[in-house]
Each structure stands twice: as C-alpha cells, then as structure tokens.
*Asks:* 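Here you go, one structure.
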Amino acid sequence: MDLEDWHDVASSCMHCRICVNPEFHEVGGWVPICPRGNKFKMETFYAPGTFELIRAIIEGELTENSPKLQKAVYSCTMCGACSALCEIYSAPGAKVKRMGKTFVDMYIDLRTEMMKRGWGPLEPHNAILKNIANTDNAWGGTRGDRERWAKGLGAKDLNKESADVLYFAGCTATYDPKLKGMMTTAAEIFNRAGVDWGILGKNEKCCAGPSLRIGDRDQFKAYAEENIELFKKSGVKTIVTSCAGCYSTFVKEYPEVADMSHIKVVHVSEFISRLLKSGDITFSKEVPMKVTYHDPCHIGRYCGVYDAPRDILGLVPGIELREMMQNRQNSWCCGAGAGMKTALPDVASETGVRRVKQAEATGAEVLVSSCPFCAQNLTDSIKEADSELKFMDLTQIVAMAL
Amino acid sequence: MMELEEWYNVVSSCVHCRACTSSDIHMTGDENLPICPKGNMFKMESFFACGAHEIIRAMIEGEINENSERLQHVIYSCTMCGYCSYHCELYSPPGQKCKKMGKTFVDIWQDLRADMMKRGWGPLEAHNAILKNIANTDNAWGGTRGDRERWAKGLGAKDLNKESADVLYFAGCTTTYDPKLKAMMTTAAEVFNKAGVSWGILGKNEKCCAGPSLRVGDRDQFKAYAGENIELFKKSGVKTIVTSCAGCYSTFKNEYPAIAEMDGIEVLHVTEFIARLIKEKKIEFTKEVPMKVTYHDPCHIGRYVGVFEEPRTILRAVPGVEVREMIQNKRNSWCCGAGAGMRTALPDVASETGQHRIKQAEDTGAEVLVSSCPFCAQNLMDAIKESDSDLKFMDITEILAQAL
Amino acid sequence: MLSEESILKTLQHIVGVEGATNDTPDLIAYSRDQNWLFVPPQKPDFVVKVRDKNQIREILRLANRYKLPVVPLATGVNVRGLCIPTQGGIVLDMREMNQILEISPSMMTATIQPGVTAGQLSVECMKYGLSPNNTSAPDTVSAFANYLLRGLYFTHSSEGDDHILSMEIVLPSGEIIKTGSSGIKPTAGPYARGGGPNLTGLFQGVPGAFGVVTEMTVKLRPYPKHVWVYFFGFDDIDKEIEAIDEVMKLKIPTQLTMGTLPDMSKMRSLDDFTALMGLMAERMEQNLSESSADQVAERMKQMAAVFPKAFVGGCILDDFKDRFTLYKKTLRKTFMEAGGRDLSSIIKTTGGFFFFYEDDMQSGGRADATMLRRGYYHALAFYGPLNRYKEYDQMFKDVAVKHDLDPEGALLGGITCAPWHGQQTYLERSVLVDPNENPEGLKIYTKECVENLLDMGIYGWFRPYADTLDATLERWGATGEFLKKIKMLVDPNSIMNPGRFIF
Amino acid sequence: MSTEFSMKTANEDAVLNTLRQIVGPTNATSHIVDLVAYEKDQNWPFVNPHLPDYVVKVHNKKEVREIVRFANRNKIPIVPLAAGINVRGLCIPTQGGIVLDMRDMNKILEVNTEMMTVTIQPGVTSAQLSAACRKYGVRPALTSAPDMASIFANYLLIGLYHSSSSDGNFHILSMEVVLASGEILKTGSRGLVGAPGPHARGGGPGLTELFMGSPGSFGVVTEMTAKLYPDPKFNAGVAYGYDEWEPAVEVSTKLMDARVATQIDIIDDNLLITFLPTEMVDRMGEEAVRKMLPKVVMICTITDTIKERMEVNKKVAQGICKDVTEGKNFGIASMGGLGELSSGGRITTGMLQKGYYHCFAFYAPLNKCIDYRDINYKTAEEHGYSADYDASLLAIPQAPWNGQLTYYELEVLTCDPTDPAQLKQIQGYSEDLVQKILDCGIYGWFRPYAEVIDVTIDRWGTTGEFIKRLKNLVDPNNIMNPGKFVY
C-alpha cells in the first residue's frame, strides 16, 4: 500500500504504550520488548512515536529528511512485537488486524516512501540492493557457489528434473560457510526420510525479502515475479526452506505479487516435525543437553510457527528444553532483522547480547534457533558477551539425535 | 474556713478541662446538659468554676486589685449548688485536691465571699439587709421572735427550754416565717405524735442557724450564732436534732463541727427521720394517694451531705404514688436557683434557674413536683407561676400527711 | 531570551547529548494524543530525558529564569492530553526515571519514581507477597501519576482513592518540598503523615501544575489470596441503589461497579451490541470475533433473554479465608433480598465482560485497555452522590435526544468510593460519538452536559480535564481564587504545565 | 426585679465598641474579670500566661467574618477558641488581641445518616455530638480526649480516637474557613457552587488538609462536615499483660497487619494507673495496685455492626496473641473506666489528676517503640525522675498502617510545676528529650506544641520555609493565633 493509505491507522494511536512492555502475567516480569526503543529511549524510537512520524509525513508536517529521522526509521528490526501486543488491546492494532495486516507492513511502506523521497535507505542498505541486483544474493556470492553445498547430497536439479519438494536454501545460509551445516543436515534428513526433493541450484535467486524491508519495492516485485515463475515451472507441490526470512516472504508477501496458492510453503522445522510424526524419521541417539529455544520473529510472530520446533526438541531423547522468560509471541528479537546487521550493527549487537543474557539466565548450555540471520547474530553476540553458551541450529540438534 | 490565700495551690491547678460546665452523658440519660446555673445564664467563661478559679488566683496575686460590678456579678450569682465540685472531683486536679482535704468548691466560694467582705468589696446591698435582719431578729426575714413558736400552738410540742425530750425539732426561720410553708412543720409534728416520738422545740429561743450569713460572706456573724446555737443544743440535752430545712441541716452537719464540739448529738433531716420511723414500722401509710410525682433533690441535703435515698423510700412507701426521676437527679440534680441568698440579691438568676428545673419536671409527665427544703419550695413555687406551668408543688411531708 | 541553540546546549550539558533534543521527529512524538478535540496538538520546543531530581532541579531553574513552560511526563499515558505542551516549552520525559527505590514489607510501603508503571510495581510487590492498590487503568500507566491524580482502583470501594503517604516536589524555584512526614531531618522515613498541615493533598489532583513531583511513598497491602468476582442483575434501579448503600455502609466490597443497561432486545448483531454496550463490549467483540455471524446472533439472543435493566458487578479481595467467605455470604444475601439475581455464571459464559478482569482484579493488568480499541475514549467523569444516579442518567439521555443521538447509546457507570461519606460515587458517561466523524457534535454535547451537571450539582470533577475546566472556573468562587493564589505562590512565572489547570 | 450589673471597665476603647456593635453589648468584654479566665492553662511552664485584650462571644459565621476583617485591618491578633481545653496553651493569646470564644456557636447543623455525615459548628463538644448521633444509631469518630473537648477542634488538630487503629484520624470531609482577608474559603465539595451537599471531597487539589494540624494559624474554620460511622452494636476485647515490651509490640504489629482491631492501645503501668477508678487506687493504695499490674498492657478492642465479622476478627486476634506468647490475660472489665470506649467519656481527664500533664506526642514507626521507651526512661532518670514511677509511654498504632504509623506519647505525670525545683526539672527534661527524640528520628510531631515547634523549625528545611510562605499568603499581617505555629 502507499503510505497515505495508513493515515487512519497512524492517527488512531492512543499512546497507551501497550506496545512497550509485554503483559506481565504472561512473562512474569516487567520487561521491555522493543529493541529500538529500549536502546534509544526517546519516544520517537517506540511505535507511538513512529505512528506520529508517519502521520506527520503524510500531513506534510515533516517535510525534510534528517539523520534523526533516518535513525528512527532504520533502527527498527521489524520484529512485529509491538503489533502483536497492540492487536489484542488497542485501536491501531484492531484496525490493522481487520485489514489482515500488521504494523510491519506499515513500516515497510514507510521505508518505501523514504526511498521514493530519496530520504533513504542508508549506504550499507544500498550495498545490499546492489549485491542482489548483480549477484541475486545480498552477500555478493557467485551464482556458481549457490549449489556447491549440495554436491553429492543426492539433490535433484529441479531446472531439469521434477520432485515433490523444492528445498530453498536461502542466500544467507548458502553463502555463510559457518551455516553450511543447516543445509547439509536438512539434506541428510530428507534422504533418511526418503523425501523426493531437489534444489534450483544456480537458478536459485534471493527471495528479495531484504529489498522489501529496506524499501526497494520495485526490486522486490521483479524478483518475486521471477521466483514465482520459477517455482511454477519446477512443478513442485511443496517448498521447504530453512531461512525464516524467505519463509515469511513467501507466505505473506508473495501472494500479493502473484498467485502462489498451488504451492505449499513449509519451514524446515514444520517439515521435520511432520516427518517425525509420520515416523519417516526417528531419533535413536541420546542428546544429553540443556537447551533453550529462540523463536525467530519471521516464523514465530509473523506466521505463528511456535510449536513445531518445540515438538521436535521434545522428541529428542535426553534433551532438556528450558523456556526463556520472553518466548513465543513475547520473544525478544535477536536484533538482525530488516538489514540491521549491516546498517546499524550496534543495534543488532546490543539486542543480540540482551537475548544471550536471557538465554544464560535459563541455565541452558546451548542456545537453539532455526533461522540463518538469528544464527549469525546470536553467534556474534555470544562472542561479544563472552558467554559460555554455544549456538546450534535446530537441524544440527536433529542430526545428532538421528 | 480558710483564708483565700490558702486556696492558691488548688485554684492554680485548674487545667481548664471544663468538666464543671456540662454533665457527664453517662450520668444524665445520654444527654450533654448544662450543670452550672450562672454559667448557663451568663455564658462568659468567668461565670464558670474554671473562670472563678482564675479570678481567685488573680485576686491572690493582685492582678485583680479593685472591685467592680462585674466582679460582684460573677461572684454573687453563684447559688453554691456544688455541682461543679462534684464533676471536678471525678477526674480533675482541683476537685481531687479538695476531696483529699475533705472539702468541696463550696468552701472555696464561701471563703471567697468572706474575703470580698474583708476587702469591703461585698456583699451586695440585698445581702446586707439579710445580715441586718439576722442580727436584729435572729432570722433572715425580720420576723418577730414571738412568731417563732406560733405554728406549734396545740401540737403537743414540749418546750425544751424547760422540759427535756429525745428529739429537738429545729423548724428553721424560712419554714417558720413563710405562711405558705406552715404545713411543713404541722405535718412533721403530726408524724412525730403519731409515731409516739418524744419531741420538743426551742420556741422563742430558736435562732437562725446563720448558714445564710456564712454563704453571704459574714463569717463573724456565723461564728457567733453557731457558738450560741451549739450551747443551746447541748443545754437542751436532746440526743437528736431533726430539721425540715435543708440549709440548716447542711450547716449543722458540715459547718458547726468546725466551730465547737456537738457532743455526739445526731443531726437528721426530717426525711431521714421519717424514713427511719417507716423502717421501724412506727408509722405506716393507710390511705391511697394516687399521684404521679417527681422529686427535686435539694443541694444542701443531696450533694452537700448525700441524702438521696431516704426521700425516695418515703415516697415509694406511700401507696399509689408513682415516682418519676427527672433527667438530672440525685447527685446530678439541677439547682432550684434559691441558694446563697440568690432570691433576694439576684432574683433573675433564681427565677431562670427555677424555671429551667420546672421544665425538667414537666418533661417527666408528673403532676406534682416534690421537694424537702423551704428555699426550694419558695423558689420552685414562684418558678411554676412564672412559667405558668400546671405543675403543683408539694413538700414531701404534705404528701405523707395525706396518706396517714 | 536565550537562543534555541544555547538552551539546547545547556539542556544537553545537564542531561547529556543523547538526553535532550529539539529534532522535529522527536518533537512530533510528544505532540498529540486521541483527545486532540479538547487539547489541540502542539509540538514541544525541547524534549529532555531526565534520570534524577538534580537534573530536574537544574532544568526547572533554567526554565523559571527564561519563562520556558515545562510539562512533566511520567509515562504520558492518560489519553486526555494532560502532557500535551499546549504552549510549547520543554517536555520533561521521566520514563527512564523508573526506579522502585524501596519496597518495605514491614512498613507495607513502596517508594517509587515517576516512571514506575503500574505493572512494574505490581510485579515487584508480588515478590514480597504484597500488592499495591492496583489501578484498573492499563498496567502501562505510571502508577506514580495515577496515584497523584487519584485514579480508579480494584480496591476503590474499600480503600478509596488516596494512597500517597508522602512525596517530594521540586518547585520552579528549585526548592525541594517534602510532604507527609514533613521532612524533619533526620526522619524515621519518608513514610507516613507527620504532624502539621499535610501538603500531600495540596499537590494531588493537579497535573504537574504546582511543581514536579519526583518521588512518592505509597501504601501497600497484603497480596489478596482470595478473589471473588460477582455480577448481579436488578430490574429496579432504586432497590439496587438502596442495596448498594447498605452494603457500602457495612464496609464490605473491595470494588463495586454499577450502572443501567440498555434495552437488550434491540440487539441483533455485534455492531448493535457494541453501539449499545459501549465500553463493555470491546472484550466481548474480541471473544466473539472468531465465531460465525449466526453464532454471534445466537449468543446475543441468549444474553438479551437474561440481561437485567441494571447491574452491580465487582470483586471482593481478602487475605483471610473465613472473613472472605463471610463477606461473600453477606453481600450475596443483601443483593438477593433486594431483588437482585446472581447472573455471574451466565455472564461468564456468554459475554464474559467483567470476568475478563478477574486476574487483573487480584494482581493488576491491562484488560481495561480494551476500552481503547475504538481509537477514541472520551468520557465525562465526575463525583456525585449515588442516590442521584437516576437524575444524572436522565439528564444525559435528554441531552442525547436533543442532539439526535441514541439515548441508550451509552452507559452511565458508577464506582462507589470509600469512605462512602456523602455516598461519594465515581460516575462516568462514556461518549461513543467518534470525534473524527462529528467533532462539533461532540463538543456541543460535552459542553451542554458539563453545564447541566454543574447546574444539578456534583461534588467535583474526577480530574481537571480540559473539557470541564472553563465552565467550572466561574462556579468555584473563593476556592478558585485561592487556588490561583497558591499557583502564583509556587509558580510565579506560570511555567508548570501552563493552561492545564486554572491558568 | 433584675439587678443590672454593668461591665464598665477602664480600658474600654473604640475596638471594644466596634466589637460590641458586631456581637451585641454583653458578648464583648475587656473587663479584667472576664479576661483572666483566658489567661493560662496548665501548660504555663511552656506557654507563658498572657491576658487577652478583648474576649468576644460569637454565635455565627457573619460575626466571625466581620471581626476577622476588622482585626486584619487593625493588625489585632485573633485567637480562635472552640472549647479551649487543649491543655497545651494553644488558645493562650501570647501576643494579646482578641479571643474569639466560639463555645456558644455550638449547633449540630445536620446529622445525615443517608450520607453518613454530620455538619457541625466549632463549639460542638464530643459529648454533645456522640449523644446526639446515638439517637440516629450512628457515631462520630469518638475522641479519646475528654468528652468536654470540642470535637470540631479535635478533628481540626487531628486528634486520637477510640478507633484510630481502624478509622485512622482524618475525619473531616470539607470545611469553611474565614481567611484573614474576610474571604470565605470552602474546601472539598463545598467549593463548587451547587454541589449536592457539603458531604464529600471534590476533585482537584485537597485544600482541607491545609487548614488541619495547626491551631487556627491559617484562618478561622467556622463550619465542617465530618464523617459518621455506624454505631457498633457488638464489641469484644482482647487484652494481655506482658512483663517484657517485645511481645506487646510484636502482637500489636501482627494484629494491625491482619486489620482485625478497631483500636489497639499499648499502655505501660505508670499510665495505666491513671485510668483505674480513683476510689480503687486510693482504697488499695498505689503500691499494691502497681504490684498487680504487668509492666505493659496491650488492649485490643474489636467493635462491629456485623456480629459474625466481630467473632471472626476476635478469633483471628486471639490466635495471633497466642502464637506470639502466652501473655497474662488482662480482662478489660477490670479496667473500670475504659468501658467508655464505645460511647466516649471523661476517663482520660484522669491523666491530669496530678495537676500537670507533661507529654511529648509524635508519630513514628511501631518498630522503634523500645528505642523511644529507653530514651524516655534514660532522660527521665538523668533529670531525677524515676523510670518506674514517673516516666510513662503510650503507643497507639494508626490506620493507615503503612509505615507502621504509630502515635507515641511519652509522659511525666507526677510533676507539680508550682514548686520551682520541679518546674526547672521538667523544663530541663523536656529540652533534653526533644533533641534526643529528634536525633532518633520521627515522622513528625502530633501537634505543634510550644516546646517542640521552635526546635523543629530549623530541622524542617525547605518544607518549613514553604509552610511559612503559605502562612504568609493566607495571613499576611500574621494576626491568626500568632506565635503558635510557624511564626
């Protein structure tokens, strides 16, 4: 939508600040939930402030760019927590819910408007957009390297062959060597379960979620159309992805670009959970570990995938899952979202370190999640907080138990 | 009797708690009622006991060093009913100190008026008339000595100047010289005869008990008369003195012992004596007296001495009489207003205080207001007229006379 | 006058570069709330984040010297524009000054700073087995400001609305006043009312117009182990009021809310219900949002058959089992004898409103925030004797008819207030006119209702909201004049939240 | 024939004539005989006696207003006096001027059982009000001061009540004050024209409490509406004697936490004796009575309108007392006079028996009770009193119980100040004790008595300054009971 369409929602903010702290009965304490506001404190950096900014921009009260405006707009990780809370209690949330949207959609349209007016995005964001334009991925990795991880893992080449399941690895997991394990374990699980799967290999392009969240709507539209074409051409019925970002983009954003109803998009945790339930794979080895699970915003708050990862961990023999104080829809963001890691690393780091501290408080030895962005940021944050915690992806745990 | 200065410690220990200005609600039917006639009438603090204490302190310290009508008004408008003393005695320092000395505030007020006379600041003209009468005619009313015994003619009273008897009936000047009160004496005589009491009177030689002189402030006249009377009583050889007058009774009981030895002569008020006769079954009441009455406790036999029950036993003994208590009764009675020379010196105080009591009597729904003191009788009768109430006043003896 | 740059530089010198700003985006965030119709939006000139009272003191001295308006803001959650800087100046944002300085179980007190929210205080107190007097406002409000302005509490009918023991105020001159235990040094603690005139009352009920309150000690009570929520229906409002009076005089209920209900038979759909039931409907709408249209209609029919003309609802909280059961028994008996019907079970299953409050009533929460879901929450709130409820209700209906609004369109709710002398009852008429649709209509309606209420006689307004102030001033006589004198005494340059109270 | 007594006196002047025009010839006087009654009270060791220049009996608000305006114009001090029995010299005109005697302005204007409020004038005494209310089946807050006291002034100065532990001691809802300028200020709901009654507190800043806690130093309060409470038909009591103080304090704390008591009194033996009927003490002799009494007694009275609630509360109270220690059960009945707890009475005048009632009264937390006791006993001994006989302590926990708000009274009841040596002794003891208590830390004084106020001002810091500025605002010419409060 255009920014103007949000005028009614933006000006109905009651300033009740329900979006600043989660309901203390659920969380058992009075804790913050908005990474941006918690760091910069000024009201501008909380949702009510942003609503007034949007209203001011639409009404022409705010007519010129400023570093403070950029900082306010681009320091938001788009974790969706404020929207989840406002939805229950207050006016803008109720209106947005009736529209079938969340505040994240408004923030995306705000950044689109910023780009349209030439007020943004920030330099590091432009680097990402350029990378995507040139190399179909945000990291500037070569197309050739796209499929290197899959060599010898029995993945069909869906450009030529056909299969039931398309495994969409996602750029971040593909090009970050530290995350290679996410894909290889996924492949091992598919093979073990006898799943008929394949990958697009070289032709796999960025889902363009980051472009959308940075504000380049055109780039997103172009890539979305191409990808949807590609998916239709590959004839698969199900797409499984390990990347939470890709998952939410396929589920929530792509349907608005073109019809995606014929393909079912499933996150790797949901897929594995189904395989376990159907008995295609079973756990045999003991994994005596105390773990705590971090809900990635893009599969949790965005799409409500909370239980699948916990079901999986629940079935792993010998494992002990300890919930953090802030979990499920009240989770604290890992800090990497919406291009934060590249553009405002201090926000990403400070947010991540706070999450690491929360994980330590549970007494767990391992912090588990299932999203490459969370993986990157939480691993860095563990180092920065020089914590003894170890970070493992959900699939790595599954692999140990197989 | 003491000099005013000797009261310095007592009066300066007043804590101004004003217990002397209103009744304790637990004693007066859960009502917070006035208790001081002059304070209730003139309202200013100086008219209450706590004001009087400060005035005495100021007179002793010299802060008040000249007479004034205001000072006289404050001092002489007190009927000396003793109610303030009773309430102060319960908890507050001056009352407690007096109690330990075996005295009450009335002693203070008497010494104050003695001091006023000594300073030549008092008493009032009307009081001087009383003192002159007593000096000349041995009674406050100026009645002739001859008339002293007229009431007793033919009632079988022995002449105790010559004969002897067990009981000396001391009529008292007010009862003797006020014709309206004659019945008080004649009924007393009738009761004595009926009960076979050997009694007599001093007749012409009966002199004023000089209580009024003391309360007006003339301590010398009181001392003189008291001495003579005590001699007379001892000479008459009686064992018991019975009097109808509450004033004489309290003077004999409280003041005379300090003047001279009374050789163990028992002093009884007529109500005490009759109550004893009833208990000893010497007299009984035969006739029905269907009457609703309420009894007014004269201060001088009630609060001064403590005679509360005897009058009530008499009334209860009379068949058909229904006794109804006023809201302020017994030790908490409201004064009739006649005390300490009030009727002559400040009649407005006497009248208003009396009318206040009449209203209380009416509130009980009684037909007859009964009492047993000539001063109360005079003042309450006048008060009934002034407030044109349809109450009737009867002395207690009149009631029992109807039942004999 | 100082230039804007030098003022900003001085402010940043006091609170640090990050703490003070005049960037437009920051100013915009503080410029309005939903009460814009009665409190016109206005950007402040500066926003300053303060952390302690010395910073506040320096800022006030600066503002006093250069006559810069100062608007103290604890969390700013009052939806009545009390913190909108209508005359510009400095917004003193105390959200980060949110320490709970002390919770003393033996003293049963808590000493808090302005930024402490109601939820934060409830959570901390629970750790000691204690509980503050929980406000029924959402838990994001500042407990501090709520006590200062005397809010509504789940213990309103047994503990009343005065919960501050003592407080510390910074005056524009920079002086620091200690009320309550009258600040005799060394004091045994800033806890209780000391001797001499008690200034605490003077600085209450005033939205920061006499000085910046920087610290306060409030009463705590044992955590209520037992909670019972009740809902009785009456057909005769007079009998109901009598029963309420009797129950209040027995000093039983912890919170008691009452009111009349519109004619239920007119309800067909959820929208009818929302229009008719006003605030109470919000949570119901949420509960029913998942069910289908005919399920909703069925639920409406069920309720219409049962709903009474008037209701009494509320809760009883106690920590002693047998006293708690005694209260339950007595309250139920009194209401039943007055013709009340115990509708608790039916209401719990059908609509649920009142019962969605249950755990809030015991430990505080944000259920009340559902009232904000329509995007506007405009209400006329005042104190008056309960026995005049019908007169007030009739007046609101007449004015509604006069402005062709649905007379049954809103609910006059009442919450009884201890110590119940004068049958002091908080009365609120929620106005369901959407200011965006019909601003002028709402203004006329409100002005007329305010005038009528003042003519009929009320004890006083719940709070000095903008829409009630001007009509009240002429009727305040000498008291109004005296309050002006007090204002001149403490704030001669009128920098404290100007225009918000008297002048 | 009524005799006319003139009130003529030497010092009659224009002022007296004006006053007489306002209130009538017999109601204003400057005659020495009338003035001496207002010159002193028993607290003269700390408030030196001083004659007023004029005494005026007023009967309504209009008269008060005219007199106040006249006095303000001519800068004549005004001392408002409701009953004047505060035995602490609060109504002694230390700077002369007019004593405004409101004893006969004593109407109970309205007893409203529906609103549970009563509207009274200054002269209404506690006895008068409690008796009047009983007819309606309600009771005011019954002061533990003697019932001759003005309940109006008692509420204004925030007294102590037989239900302070449950009803607290703030009983005024709204009032009318005549300021020095003659303006009539109406606080609470009275302020708003057309309010449905002077019954309750209105919104906005609370001005009522501004005029409480000081002896008429901010204006003459001419009318107030106070709270009424249901007359408790059922009352019970739990009383235990202890030989140590710790259990008494612990039991009282637990009882207050449980909110079961109407009133809790912690009384030591020296004070307890004054409450026993004087005949009993005289008959048995003080020594024998002392042996009978425990060191300290905790009396918990429980009154209620609902029988079962009283039973429930009593059961809880007894449970608490048993859990702490098996104290010696001390029947209330044997307390004689204390039986007046439910109807008000004069028993506490007994504390004045010895002619002088020196006491320090302040607010502080209950858990410092034993510190204050030790300070009092030690200071008393240092000044030649005996801790066993002379120094005594009374502690009454107050609602709201937060901050363990407790009223403390440290007394010496055995001093007769007319003896110069004892006068020097009590003044020395008093000076020493004030400093020690302030150093130990209190919440605040019970009332601004002379012997504590000047010592406290310099410790009151900016709050003291602010109160002075408030006083200056309402009373620029400082005519309102000058010298009695801040200055």
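Quick note on labels: first sequence line is chain A, next is B, and so on, each numbered from 1.
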*Asks:* Locate the shortest heavy-atom distance separating D:Lys186 from C:Thr479; write the atom from each residue and the value.
*Replies:* O-OG1, 2.6 Å
*Asks:* Looking only at heavy atoms and a cut-off of under 4.5 Å, which of C:Ser106, C:Pro222, C:Ser104 has the most pairs with chain D?
*Replies:* C:Ser106
*Asks:* Counting heavy-atom pairs closer than 4.5 Å to chain D, which one of C:Phe320, C:Trp420, C:Tyr383, C:Phe382 comes out on top?
*Replies:*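 The residue among C:Phe320, C:Trp420, C:Tyr383, C:Phe382 with the greatest pair count is C:Phe320.
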*Asks:* Heavy-atom count around D:Lys227 NZ within 6.0 Å, excluding the residue itself: above 12?
*Replies:* yes
*Asks:* Does C:Asp322 come within less than 4.0 Å of D:Lys315, counting only side-chain N to carboxylate O?
*Replies:*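 Salt bridge present between C:Asp322 and D:Lys315.
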*Asks:* Taking the ring centre of each residue, are D:Tyr229 and C:His421 less than 6.0 Å apart?
*Replies:* yes
*Asks:* Quick test of your reading of the model: are D:Asp167 and C:Lys251 salt-bridged, counting only N-O distances below 4.0 Å?
*Replies:* yes
*Asks:* Is D:Glu183 salt-bridged to C:Lys485, going by a charged N under 4.0 Å from an acidic O?
*Replies:*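 Yes, D:Glu183 and C:Lys485 are salt-bridged.
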*Asks:* If I measure from the heavy atoms of chain C, does D:Val193 come under 4.5 Å with its side chain, its backbone, both, or neither?
*Replies:* both
*Asks:* Is C:Glu175 salt-bridged to D:Arg469, going by a charged N under 4.0 Å from an acidic O?
*Replies:*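 Yes, this pair counts.
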*Asks:* Relative to each other, are the rings of D:Phe211 and C:Phe482 parallel, tilted or perpendicular (30° and 60° limits)?
*Replies:* tilted
*Asks:* Please find the pair of heavy atoms, one from D:Asn367 and one from C:Met107, that lie closest to each other, and give the distance.
*Replies:*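 Heavy atoms of D:Asn367 and C:Met107 come nearest at ND2-CE, 2.9 Å.
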*Asks:* Output the option from C:Leu165, C:Ile177, C:Thr217 having the highest count of non-hydrogen pairs under 4.5 Å with chain D.
*Replies:*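 Between C:Leu165, C:Ile177, C:Thr217, the count favours C:Ile177.
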